[in-house]
Amino acid sequence: MEIKNRIEAILLLGGDEIKIRELCKFFSLSLEEMLKILDELKEDRRDTGINIEISGEVVSLATNPICGEVINSFFEQETKPKKLSGAALETLSIIAYRQPITKGEIEAIRGVSADRIIQNMEEKKFVRVCGKKETIGRPNLYEVTDKFLSYIGIKNIEELPNYFEVKGSCEDGRD
């Protein structure tokens with residue numbers, strides 16, 4: 001059996017997230033070799049119902065955002081997902097358009113603390129830490145997740161409206 005198949009089976013039964021280093025140790029592979037295999041597996045699954053998500057030091061399975069509509073229809077969700085607050089949407093918009101971005105940079109743009117909102121969005125798996133900024137204190141860098149993109153009904157970040165066009169139409173008073 002091919003190693004990619006064995007890794008995929010482990011991810012399916014492993015729960016939410018599997019540490020990449022644990023996979024390396026189990027299969028006696030270097031981190032670079034494992035990341036190459038995981039990237040190949042992610043690419044293989046791109047147009048299927050299940051995606052591979054690699055986030056920092058962990059890997060997991062997730063439903064493909066392109067299947068969101070059929071999943072909702074099948075399970076006949078009578079209640080829509082909770083609406084996000086204006087502050088949460090503002091914070092998520094800043095992250096989406098400026099990612100990767102630090103909490104300090106978000107707070108500088110918003111003018112208020114973003115601690116609680118970022119924590120809530122991490123719990124909802126709408127944002128994730130994608131690295132550390134190479135500066136004093138090495139603050140976390142944040143990015144939006146596929147789950148957030150699915151929530152707003154798009155497949156990838158490139159489908160977001162052009163920031164400058166939207167900004168211009170808001171300043172002109174157009175819709």
Side-chain angles (χ1 to χ4, degrees), residues 2-68 71-72 81-82 84 87-107 109 114-135 137-160:
E2 190 176 349
I3 189 168
K4 286 195 284 188
N5 295 338
R6 292 184 280 164
I7 292 171
E8 193 172 39
I10 290 169
L11 292 175
L12 178 65
L13 293 176
D16 288 341
E17 298 174 336
I18 300 288
K19 291 183 179 171
I20 296 171
R21 293 209 182 268
E22 287 179 13
L23 290 172
C24 292
K25 184 177 177 182
F26 182 79
F27 289 105
S28 301
L29 295 172
S30 70
L31 181 60
E32 293 77 25
E33 291 170 312
M34 182 57 67
L35 289 173
K36 183 176 185 265
I37 292 167
L38 290 172
D39 284 338
E40 288 173 11
L41 188 54
K42 182 175 182 172
E43 185 61 32
D44 292 348
R45 309 270 327 124
R46 177 192 303 254
D47 295 321
T48 69
I50 302 294
N51 281 357
I52 305 294
E53 283 196 1
I54 303 168
S55 177
E57 298 178 355
V58 296
V59 60
S60 61
L61 294 178
T63 57
N64 191 327
I66 62 175
C67 298
I71 290 168
N72 286 339
K82 285 187 178 180
L84 297 172
L89 285 171
E90 181 181 49
T91 303
L92 286 165
S93 296
I94 291 167
I95 295 169
Y97 280 103
R98 300 270 180 106
Q99 67 185 356
I101 187 169
T102 67
K103 181 178 71 72
E105 292 166 337
I106 296 165
E107 292 172 342
I109 293 167
D115 284 334
R116 187 73 186 132
I117 292 172
I118 291 174
Q119 182 181 355
N120 287 341
M121 294 304 101
E122 282 185 293
E123 288 170 8
K124 291 182 188 300
K125 306 238 186 247
F126 279 5
V127 299
R128 67 174 160 238
V129 174
C130 63
K132 297 271 189 187
K133 188 166 185 174
E134 295 298 327
T135 188
R138 296 191 28 87
N140 288 335
L141 288 167
Y142 294 93
E143 67 183 4
V144 295
T145 64
D146 288 342
K147 184 174 181 180
F148 169 70
L149 297 178
S150 179
Y151 177 85
I152 62 171
I154 64 175
K155 296 175 192 161
N156 56 52
I157 204 77
E158 288 79 28
E159 290 184 37
L160 283 172

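Note that these values count all heavy atoms, side chains included, but never hydrogens, waters or copies made by symmetry.
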Point to revise | Asn140/Thr102 under side-chain contact (heavy atoms from CB on, under 4.5 Å): CA gap, chis, key distance, verdict | key: CA-CA 6 Å; Asn140 288 335; Thr102 67; over 6 Å; no

Review point. What's the verdict on side-chain contact (heavy atoms from CB on, under 4.5 Å) for Leu84 and Lys124, showing C-alpha distance, side-chain angles and the deciding distance?
Key: CA-CA 11 Å; Leu84 297 172; Lys124 291 182 188 300; 4.1 Å; yes

Practice item. Step by step, work out the side-chain contact (heavy atoms from CB on, under 4.5 Å) result for Arg98 and Ile109. Key: CA-CA 11 Å; Arg98 300 270 180 106; Ile109 293 167; 3.3 Å; yes

Practice item. Check the pair Asn120, Arg116 against side-chain contact (heavy atoms from CB on, under 4.5 Å), reporting the backbone distance first and the verdict last. Key: CA-CA 6 Å; Asn120 287 341; Arg116 187 73 186 132; 3.4 Å; yes

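Scanning for side-chain hydrogen bond (donor to acceptor under 3.5 Å, both in side chains) contacts around Glu134 gives Arg138, with sequence neighbours left out. In terms of the ring-ring contact (aromatic ring centres under 6.0 Å, His included) criterion, residue partners of Phe126 (sequence neighbours excluded) are, by chain and number, Phe148, Tyr151. Applying the side chain to side chain contact (heavy atoms under 4.5 Å, CB included) test to Ala87 and every residue at least two apart in sequence or in another chain returns Ser85, Arg110, Ile117. With sequence neighbours left out, the salt bridge (Lys or Arg N to Asp or Glu O under 4.0 Å) criterion links Lys132 to no other residue. Legend: residues meeting side chain to side chain contact (heavy atoms under 4.5 Å, CB included) with Glu2, ordered by chain and number and at least two apart, are Lys4, Asn5. Under the side-chain hydrogen bond (donor to acceptor under 3.5 Å, both in side chains) criterion, Lys25 pairs with no residue at all, not counting sequence neighbours. A search for side chain to side chain contact (heavy atoms under 4.5 Å, CB included) contacts involving Ser28 returns nothing, not counting sequence neighbours. Applying the side-chain hydrogen bond (donor to acceptor under 3.5 Å, both in side chains) rule to Asp47 yields no partners; only residues at least two apart in sequence or on another chain are considered. Checked against side-chain hydrogen bond (donor to acceptor under 3.5 Å, both in side chains), Lys125 has no partners two or more places apart in sequence or in another chain. Residues passing the side chain to side chain contact (heavy atoms under 4.5 Å, CB included) test with Phe27 are Ile3, Arg6, Ile7, Ile10, Leu23, Leu29, Met34, sequence neighbours excluded.
Atom CD1 of residue Ile106 and atom CD1 of residue Ile95 lie 4.0 Å apart, to the nearest 0.5 angstrom. Rounding to the nearest 0.5 angstrom, the gap separating the CD1 atom in Ile154 from the CD1 atom in Ile66 is 14.0 Å. Taking CD1 of Ile37 as the start and CD1 of Ile20 as the end, the distance is 12.0 Å to the nearest 0.5 Å. Rounded to the nearest 0.5 angstrom, Cys24 SG and Leu31 CG are separated by 5.0 Å. With values rounded to the nearest 0.5 angstrom, Asp115 atom CG is found 4.0 Å from Lys103 atom NZ. The distance from the CD1 atom of Ile152 to the OG atom of Ser93 is 7.5 Å, given to the nearest 0.5 Å.
Of all the heavy atoms in Arg128 and Val144, the pair that sits closest is NH2-O, 4.3 Å. For Ile118 against Val127, the heavy-atom pair with the smallest separation is O-CG2, 4.1 Å. Closest non-hydrogen pair, Tyr142 versus Gln99, comes out as O-CB, 3.7 Å. Contact record, Ile18 with Gly14: CD1-CA, 3.6 Å, taken as the closest heavy-atom pair.
Within the structure, the side chain to side chain donor-acceptor pair (under 3.5 Å) test picks out the following pairs touching residues 33-43 (sequence neighbours left out): Ser30-Glu33, Lys36-Glu40, Glu43-Arg46. Listed by first and then second residue, the side chain to side chain donor-acceptor pair (under 3.5 Å) pairs involving residues 51-63 are Asn51-Asn64 (not counting sequence neighbours).
Using a 4.5 Å heavy-atom cutoff, the side chains of Leu61 and Arg45 are not in contact.
Looking at Ser150, its side chain never comes within 3.5 Å of a backbone N or O of Asp146 through a donor-acceptor pair.
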